[in-house]
Amino acid sequence: MCGRFVATTAPSDLALLFDAVLDDPFAEQFRANYNVAPTTQILTLVQTDDSANDRVLRRAHWGLLPSWSKDRKRAASMINARSETLTEKPSFRNLVARHRCVIPVDGYYEWRTVDVATGPKTPKRPYFISSPDGVALALAGLWTTWKDPERNGELVRSCAIITTTPNERLAAIHDRMPCVLDGDDIGEWLSGEPAPLHLLRAAAPERLRHYSVSTAVNTVRNNGPELIEPAETTLF
DNA sequence: CCAGACGTTGTT
DNA sequence: GTCTGG
DNA sequence: CCAGACGTTGTT
DNA sequence: GTCTGG
């Protein structure tokens, strides 16, 4: 799956990379984040209706809040959406047509849950997965808005990252992975009609690299470039 | 009709 | 909001 | 996703 | 065990 990630590329660089504009002056507040956790504000890339500068980078809370939610309590369990059931689930199916987005990340963390010949008592180890060249990845997502009753109906944007079955290499670590989009697929995902669900597939093994990192990443308050330094041994 | 769920993951 | 279960 | 709390009262 | 916070 994808439950923790890295966001260190500056918004202005993401705008260049994804041919987008920034929709509010948050660039000044940007700080590299090596430990992005659910419920925090992240950047999403969306295609807006007004065609002038129609690709926009804007903030959203990670953890989808359906418009009918009573409170934010369950947002943390909606950080991912299964690609296989996207069009069936009440929380997601209405968003597939016109609320698709891309979540730019520099990489994400995965905790190994598969025992590969090491026995069942192996301690859980975190891995960092990214592009081999370190360039930001475009993850497929869905977004929506919710009116916060505790803040006078203020609109809250939120999003979820779409997952699928992993390629054969990443299957050694985990049984899910986020859907990565490349090249023209990004534009197709953001504006294609009907929704190009065929793009929600596992990236090829050579598209991503992975290596084990320190368990320091487990604690959310730890945050720095040391979190993505390779640990002494990479088992896979 | 009303009440209650609406999600993913991992673990047992 | 909308669907399912009772 | 993992870590950490999980409680009340009264006093500072 | 289960929920909340980050």
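Reminder, nothing fancy here: chain letters follow the sequence lines and each chain counts from 1.
Clustering of Ile, Leu, Val, Met, Phe, Trp and Tyr by side-chain heavy atoms under 4.5 Å joins A:Trp146 with A:Leu65, A:Val156.
Between A:Arg74 and E:dT4, a side-chain N or O to OP1/OP2 separation shorter than 4.0 Å is absent. Considering only side-chain N and O atoms, A:Thr163 lies nowhere under 4.0 angstrom from the phosphate OP1 or OP2 of B:dT8. Contact between the side-chain N/O atoms of A:Lys124 and the OP1/OP2 oxygens of D:dC2 is found at a separation under 4.0 Å. At least one side-chain nitrogen or oxygen of A:Arg221 sits closer than 4.0 Å to the OP1 or OP2 atom of D:dG4.
In this structure, A:Ser77 reaches the bases: a heavy-atom distance under 4.0 Å links it to at least one base atom across the strands shown. Nucleic acid contact for A:Thr215: none, since no nucleic acid atom lies under 4.0 Å from a heavy atom of the residue. When heavy atoms are screened at a 4.0 angstrom cut-off, A:Pro38 is found touching base atoms of the nucleic acid. Within the 4.0 angstrom heavy-atom criterion, no nucleotide atom of any strand lies near A:Thr40. Residue A:Arg93 is classed as a sugar-phosphate contact, given heavy-atom separations below 4.0 Å to backbone atoms only. As judged by a 4.0 angstrom heavy-atom cut-off over every strand, A:Ser69 is placed among residues making no nucleic acid contact. Nucleic acid contact for A:Phe92: sugar-phosphate only, since backbone atoms but no base atoms lie under 4.0 Å from a heavy atom of the residue. Within 4.0 Å of A:Arg176, counting heavy atoms only, lie sugar-phosphate atoms of the nucleic acid but no base atom.
B:dT9 and D:dC1: their C1' atoms are spaced 9 Å apart (whole Å). Distance noted for atom C1' between E:dC3 and B:dG7: 16 Å (whole Å). Comparing the same atom, C1', in D:dT8 and in B:dC6 gives a spacing of 36 Å after rounding to whole Å. Taking the P atom of each, B:dT11 and D:dC2 are spaced 8 Å apart, rounded to whole Å. Spacing between D:dG10 and B:dA3 at atom C1', rounded to whole Å, works out to 43 Å.
For D:dG7, there is no paired nucleotide, since no Watson-Crick or G-U wobble pair has both relevant distances below 3.5 Å. Nucleotide B:dC1 has C:dG6 as its partner under the Watson-Crick or G-U criteria, with both atom distances under 3.5 Å.
One atom, CG of A:Asn94, and another, P of B:dC6, lie 16 Å apart when rounded to the nearest Å. Between A:Arg82 atom CZ and B:dG7 atom P the separation is 12 Å, expressed in whole Å. In this structure, A:Leu200 places its CG atom 13 Å from P of B:dT8, rounding to the nearest Å. Between the C1' atom of D:dC2 and the CZ atom of A:Phe5 lies a distance of 16 Å, rounded to the nearest Å. Summarising the geometry, the separation between CE on A:Met177 and C1' on B:dT8 is reported as 17 Å, rounded to the nearest angstrom. Atom-to-atom, CD1 of A:Ile162 to P of B:dT9 comes out at 12 Å; the value is rounded to the nearest Å. A:Leu227 has its CG atom 13 Å from the P atom of D:dA3, to the nearest Å. Here B:dG7 presents its P atom at 10 Å from CD of A:Glu88, a figure rounded to the nearest Å.
Scanning atom types as modelled, no donor and acceptor separated by under 3.5 angstrom connect the side chain of A:Ser91 and the base of B:dG7.
Nearest nucleotide to the side chain of A:Ile79, out of E:dT4, B:dC6, D:dC1: D:dC1. For A:Val220, whose side chain is taken as the heavy atoms from C-beta onward, the closest listed nucleotide among E:dG6, B:dG7, D:dC2 is E:dG6. Nearest nucleotide to the A:Asn80 side chain, out of D:dC1, D:dA3, B:dT8: B:dT8.
Between the side chain of A:Arg4 and the backbone N or O of A:Asn218 there is at least one donor-acceptor pair closer than 3.5 Å. Between the A:Arg169 side chain and the A:Leu208 main chain, a donor and an acceptor come within less than 3.5 Å of each other.
A salt bridge links A:Glu193 with A:Arg98; the closest basic N to acidic carboxylate O contact falls under 4.0 Å. Ion pairing of A:Glu84 with A:Arg176 is present here, as a side-chain N (NZ or NE/NH1/NH2) and a carboxylate O approach within less than 4.0 Å.
A distance cut-off of 5.5 Å between ring centres, combined with a plane angle under 30°, places A:Trp68 in a stacking arrangement with the base of B:dC6.
Shown are A:Tyr108, A:Trp62, A:Tyr109; of these, the ring-ring contact (aromatic ring centres under 6.0 Å, His included) with A:Phe5 is made only by A:Trp62.
When side chains are defined from C-beta on, A:Glu88 does not count as touching A:Arg82, because their heavy atoms never get closer than 4.5 Å.
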